[in-house]
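Each remark here refers to the structure printed beneath this line.
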Amino acid sequence: VIGGLLLGLGIAPKLASLLLIGTLIPTTAVGHAFWKEEEGATRQQQLTQFFKNLGLLGGLLIVLTEKD
């Protein structure tokens with residue numbers, strides 16, 4: 001929540017991005033492990049959420065690497 005608020009308000013965006021990246025990676029790996037699911041709707045849902053988090057990670061990396 002703190003990282004999202006900081007990023008949304010434009011306060012220390014690089015620090016906020018690092019905080020969010022630090023929570024997003026383990027959450028994605030543990031919470032959306034599509035490779036552990038059998039074929040079917042559950043696997044597709046996990047895959048969708050995994051790619052959504054991957055997109056968020058890309059956006060956070062853009063914020064982290066942009067010049068001031």
**Message:** Going by side chain to side chain donor-acceptor pair (under 3.5 Å), name the pairs with one or both residues in residues 17-29, residues two or more places apart or in two chains.
**Reply:** Thr28-Asn53
**Complete:** Contacts satisfying salt bridge (Lys or Arg N to Asp or Glu O under 4.0 Å) that involve residues 5-23 (not counting sequence neighbours) are none
Show every donor-acceptor pair shorter than 3.5 Å between a side-chain atom in residues 32-40 and any protein atom, with sequence neighbours excluded, or say none if there are none.
| from | atom 1 | to | atom 2 | distance (Å) |
| --- | --- | --- | --- | --- |
| His32 | ND1 | Gln46 | OE1 | 3.0 |

**Request:** Determine whether Leu20 and Val63 fall in the same hydrophobic cluster, where Ile, Leu, Val, Met, Phe, Trp and Tyr are linked whenever their side-chain heavy atoms lie under 4.5 Å apart.
**Result:** yes
Expected list for residues 54-61: side-chain donor-acceptor pairs under 3.5 angstrom, two or more places apart:
none

**Request:** Keeping to residues at least two apart or across chains, list the salt bridge (Lys or Arg N to Asp or Glu O under 4.0 Å) pairs with something in residues 19-35.
**Result:** none
Quiz: residues 1-12 side-chain donor-acceptor pairs under 3.5 angstrom, not counting sequence neighbours:
none

